[in-house]
Amino acid sequence: MNTEHWTKAELRARLLAWYDANARALPWRVGPAERARGVRPDPYRVWLSEVMLQQTTVAVVRRYFARFTELWPRVEDLAAASEAQVMAEWAGLGYYARARNLHACARIVAEAGGRFPSTREGLEKLPGIGPYTAAAIAAIAHDAPEAVVDGNVERVMARLHAVEEPLPKAKPRLAAHAAALVSPHRPGDFAQAMMDLGATVCTPRAPACGRCPLAFACAARASGLARELPRRAAKTPKPRRRGIAYVARRAGDGAWLLERRPPRGLLGGTLGWPVSEWTEGDAPAPAPPLAAEWSDAGARVRHTFTHFHLELEVFVTLAAPGVEPRRGSFVPAEAFRAEALPSLMRKVHAVAREHPAIAAVS
DNA sequence: GAAACGTGGCA
DNA sequence: TTGCCAAGTTT
């Protein structure tokens, strides 16, 4: 039973008209005017932006997208890079499995002639491409009539239909609502319109219903629930862990002792300072990567991951020129870039570099 | 289905 | 300062 006094076609038309006038200009996007003239976006750029945008804000992605496309304009260029290069450029973006999968995916696509699959099913087989990203690439790059359901769309659907069931249980229902709305004529623009609406109007905390092209049809708006939806299951509190980071420089040439982390798990595959285990109750056991006189740098590094808080003590030492580290390897001062480290490790560096034991080394 | 997996901005 | 949240995927 449909008691609404509006049709889906009307809703689609309102949303697309709003998009035509309000689409955000994004470096990876072909805007509605150009799209109407037949211009298609480059699937490589759509894929790259979509992977970067997974759980990540547009403002941050802009910088990384510019750098990646400058270094690697085509998928073959990215495929030809080393994984270490890709990890270094991804440093700071987070969720590093994305970078490993990105590189693996680039090699598969390059090997297959440099063409991305054009269907959702084909795309979803590639590493790092799940249901959302596959649908997004198919819709945006190929105008396939796929429902593109991300956090924005879930929020818009929850409000439009006043779905009070909390996430994540409500996901299938919200996806069904979204699927029922997909535009058969402009699927790519429709997908991007829905996401732009969620990002700029139907925002999480303070929805601007006064500017919303769908307000006329919004059930949450009608019942004053817009700000409350979507509801979410209660989150479990984050435990607090402690650890020790070790920053060693070599006397003479000023090389830094760094270690490549294991390929899977937290910060997997990234470059960083040798660290102790991170413990919840007891103090972490010391685990210096080389035998030396270590000094406490004083300031602690605090960092919050998705599922725990971390507080790191920072120890520094000036190592003798001939010393052999137990773990990691020395990186020449000229080759060292703090920007190639994940954020946690950048914070450790910022603390360590102030310590007189290593600050003056050149 | 639940848990792991980063980071920065904002209230 | 602390908690919430942002264009999800993998195991």
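Proteins come first, then strands; the chains are lettered A, B, ... in the order of their sequence lines, and each starts at number 1. Small disclaimer: the values here were computed from a predicted structure and weren't measured.
Put simply, A:Lys347 has no side-chain N or O that comes within less than 4.0 Å of OP1 or OP2 on B:dT7. Within the structure, a side-chain polar atom (N or O) of A:Gln55 is placed less than 4.0 Å from OP1 or OP2 of C:dG8. Contact check, A:Arg302 against C:dT1: no side-chain N or O comes under 4.0 Å of OP1 or OP2. The side chain of A:Arg100 places no N or O atom within less than 4.0 Å of a non-bridging phosphate oxygen (OP1 or OP2) of C:dT10.
Between the P atoms of B:dG8 and C:dT9, the separation comes to 22 Å (whole Å).
Interface remark: the A:Arg205 side chain does form a donor-acceptor pair with the C:dC4 base, using a distance-only criterion of under 3.5 Å. For a distance-only test at 3.5 Å, the side chain of A:Tyr132 fails to qualify as a donor-acceptor partner of the base of C:dG8. A donor-acceptor contact under 3.5 Å links the side chain of A:Thr306 to the base of B:dG6.
Among the atoms of the strands shown, none is found under 4.0 Å from any heavy atom of A:Lys238.
Between A:Glu293 and A:Thr317, the side chains place no donor N or O within less than 3.5 Å of an acceptor N or O (distance only, hydrogens not considered). If you check the side chains of A:Glu50 and A:Tyr132, you find a donor sitting under 3.5 Å from an acceptor. For the residue pair A:Ser118/A:His142, the side-chain donor-acceptor check at 3.5 Å is not satisfied.
Residue A:Pro131 has its side chain nearest to C:dT9 when only C:dC5, B:dT7, C:dT9 are considered. The side chain of A:Tyr96 lies closest to B:dG6, out of B:dG6, B:dA4, C:dC4.
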Practice problem: Decide yes or no on salt bridge (Lys or Arg N to Asp or Glu O under 4.0 Å) for A:Glu124 and A:Arg120, but give the supporting numbers first. | Solution: CA-CA 6 Å; A:Glu124 210 168 336; A:Arg120 182 179 57 72; 3.4 Å; yes
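The distance from atom CH2 of A:Trp90 to atom P of C:dT9 is 12 Å, rounded to the nearest whole Å.
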